[in-house]
Amino acid sequence: MLHYIPVALERVRGFRDIYPEESEPRKRIFEVSEKAAEVFGFRKIEMPSVEHMDLYRIKSGDELVSQCFTFRDKGGRQITLTPEATPTVVRMLTSRKDISRPVRWYSFQKYWRYEEPQAGRQREFYQFNGDIFGPSSAEVDAEVIGLAAFILNNLGLNGHYRILINDRSIMERVLLENGIKDVTKAFAIIDKFKKTDRDQFFLDLEELGMPKDRVRDFCKMLEQVTPIELSEGVIKNVIHYDDNDSQIQRFLRLSKILPSYSPETFFLDLSTVRGLAYYTGVVFEAFDVDGKFRSILGGGRYDNLAQLYSGQNIPAVGFGMGDAILEMLLKHTGLFGYDKKEQKFYVATPDKTYYPSAVMLATKIRSSAIPAHLNINERNMGMQLKEANKEGATDLIVLGKQEFESNSLTWKKLDSGKQISITYDAFLDLLAKRGIGEVAFPDS
RNA sequence: GCCGGGAUGGGGUAGUGGAUAUCCUUGGGGACUGUGGAUCCCCGGACCCGGGUUCAAUUCCCGGUCCCGGCCCCA
């Protein structure tokens, strides 16, 4: 007697089952992102699902460490499921000294975080990651940010999102000019600007040393979101610089390049600073235009991280993009579909005696990369027709006694109902000739 | 880790301190042994778990679990 234990079959909290209805549209996210990265010249890397805990202790705070899925291996080492890509990518890069630069790498894999699940946040998620290591020009920044936009545009999201851009090195100077000493702390506060109550925000800034009479103007400045090509006007108002100021010139150059990747997509937003401590230059974040969701992707320049891990000085810029918000946004905008209308055969067998011949035929069709279903149940012809429709077949082949004896096939288009008889060899001929398209139906 | 709201077949739901728990859908089978998505018929399938109150709990109370959302955080 078999007993079943219902409790043991429950899904683990924060993890999700993905059925074909979801998995198929999701496939588009992966295909589009990876294809985009490849046409930009990025090459794919694959990373382990586990790392030594110490890899994250080096650069991250207790927060991240406390969110890790950790365990001890049989040798007592502390191991964790990877919570993010960057440390591993940097580890992989610095442990190989023979790789020529610039290095363009992308990856798209699973990560784990032990935190409370909520909208767009699970304990297991996929993240796309794209980075360029080596040169640190504005052109490199632009290429990475351009890739982010290219992916979203190719998913059909053009006009549904915008990418907010800022530069931390410039912001740092702005803050210093406004009397703030602890810049890191200020970044953390500004990062929450959009969520914080205005009066509280004023107090926080004053506490960090900003004179009372500056606070209001500073706030106004943070509220502005300006098309990136108009950056110069904004920057002139917030900081003193001359023509030899390389940081400023670099950012202005970036703002001239970006619109060529995608017009009306990029905006200067001084309140975008990102919470992470290790960003050193440009930072950026993509949001849906309605502001309904959390950020779709985020990244920036992190020139010091390789130094921290290995002593090597390797400038870097990159971004990460999770699957969850993207999926929510695609659903919201009606773009979460995958109706690839491709040809699909159903091979019906009124008489199971000839089933082996049907298999041979299906194998020929399948070898041409066209899906073919076989009638693997005991069913009468009526049921087989119904099943063919249900499975989304476009074409029906009948292979029974009549066909077998005359060395032919009955071929029916399911949308029009048109039906012909064709010799087996003629069909194979059409199959062999089909190029990229469908197997042509000889319309009389 | 903290806060709020939930939980009835696979999905969506109705309802109840007591009797065979409602309806729709999905799924399986048939009407239909060589040709259509329809229709009709039949079948399967649920009160999250544990404790308490009660003669009696799916219903009321408490705890847990999970789900949804928020906080923290956002690499």
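Throughout, protein chains are lettered first and strands after them, A, B, ... in sequence-line order, and every chain is numbered starting at 1.
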Seminar exercise, completed: Mate of B:rC74 across any strand shown (Watson-Crick or G-U wobble, both atom pairs under 3.5 Å) is none
Problem set entry | Touch class at under 4.0 angstrom, heavy-atom based, for A:Lys401 against every strand present | base
Exercise. Quick one: on RNA chain B, does A:Tyr279 or A:Asn380 contact a more 5' nucleotide (nearest heavy atom)?
Worked result: A:Asn380
Exercise. What is the base-pairing partner of B:rU54, counting Watson-Crick and G-U wobble geometry with both distances under 3.5 Å?
Worked result: none
Seminar exercise, completed: Using Watson-Crick geometry (N1-N3 plus N6-O4 or O6-N4) or G-U wobble (N1-O2, O6-N3), each under 3.5 Å, B:rU65 is paired with B:rA7
Problem set entry | Base paired to B:rU35 (Watson-Crick or G-U; both N/O distances under 3.5 angstrom) | none
For this session: Give the B/S/- string for nucleotides 63-69 of chain B, one per nucleotide from 5' to 3', where a protein heavy atom under 4.0 Å of the base yields B, of only the sugar-phosphate yields S, and otherwise -.
Result: --SSB-S
Exercise. Between A:Glu403 and A:Thr410, does any side-chain donor sit less than 3.5 Å from a side-chain acceptor?
Worked result: yes
For this session: Scan side-chain atoms only and decide if A:Asp131 and A:Tyr302 contain a donor-acceptor pair under the 3.5 Å cut-off.
Result: yes
For this session: Anything under 30° is parallel, anything over 60° is perpendicular, the rest tilted; go ahead and classify A:Tyr126 against A:Phe108.
Result: perpendicular
Exercise. Residues two or more places apart in sequence or in another chain: which of them pass salt bridge (charged side-chain N to carboxylate O under 4.0 Å, His left out) with A:Arg162?
Worked result: none
Problem set entry | Side-chain heavy-atom pair A:Tyr355, A:Leu374 within 4.5 angstrom cut-off | yes
Exercise. Base, sugar-phosphate, or nothing: which does A:Gly417 touch, judged by heavy atoms less than 4.0 Å apart?
Worked result: base
Exercise. Looking only at atom C1', what distance separates B:rG9 and B:rG44, rounded to whole Å?
Worked result: 10 Å
Exercise. Contact class for A:Gln384 (heavy atom, under 4.0 Å): base, sugar-phosphate, or nothing?
Worked result: nothing
Problem set entry | Pairs touching residues 142-175 of chain A that satisfy ring pair (Phe, Tyr, Trp, His ring centres under 6.0 Å), sequence neighbours left out | A:Phe40-A:Phe150
Exercise. When the distance from CD of A:Glu387 to P of B:rG37 is rounded to whole Å, what number comes out?
Worked result: 14 Å
Exercise. Will you find, in the side chains of A:Lys401 and A:Thr353, an N or O donor that is under 3.5 Å from an N or O acceptor?
Worked result: no
Exercise. Under the 3.5 Å rule, do the base of B:rG36 and the side chain of A:Lys412 count as making a donor-acceptor pair?
Worked result: yes
Exercise. Which part of the nucleic acid does A:Ser295 contact within heavy-atom distance under 4.0 Å: base, sugar-phosphate only, or nothing?
Worked result: nothing
For this session: Could you please name the partner base of B:rG17, counting Watson-Crick and G-U wobble pairs only when both distances are under 3.5 Å?
Result: none
For this session: Check every strand shown and say whether A:Tyr111 touches a base, only sugar-phosphate, or nothing at a heavy-atom separation below 4.0 Å.
Result: nothing
For this session: Identify whether any heavy atom of A:Gly320 sits under 4.0 Å from a base atom; if not, whether one sits that close to sugar-phosphate; answer base, sugar-phosphate or nothing.
Result: nothing
For this session: Measure from CG on A:Asn389 to P on B:rA38 and round the result to the nearest Å.
Result: 9 Å
Exercise. Do the side-chain N or O atoms of A:Lys192 get closer than 4.0 angstrom to the phosphate oxygens (OP1, OP2) of B:rC73?
Worked result: yes
For this session: Would you please confirm or rule out a distance under 4.0 Å between OP1 or OP2 of B:rG36 and any side-chain N or O of A:Lys413?
Result: no
Exercise. If you look at every strand shown and take non-hydrogen atoms under 4.0 Å, does A:Gln127 touch a base, only sugar-phosphate, or nothing?
Worked result: nothing
Exercise. At under 4.0 Å between heavy atoms, what does A:Glu403 touch on the DNA or RNA strands: base, sugar-phosphate, or nothing?
Worked result: base
For this session: State plainly whether the residues A:Asp395 and A:Lys413 are in salt-bridge range, i.e. N to O under 4.0 Å.
Result: yes
For this session: Please state the P separation for the pair B:rU25 and B:rG36 - nearest whole angstrom.
Result: 23 Å
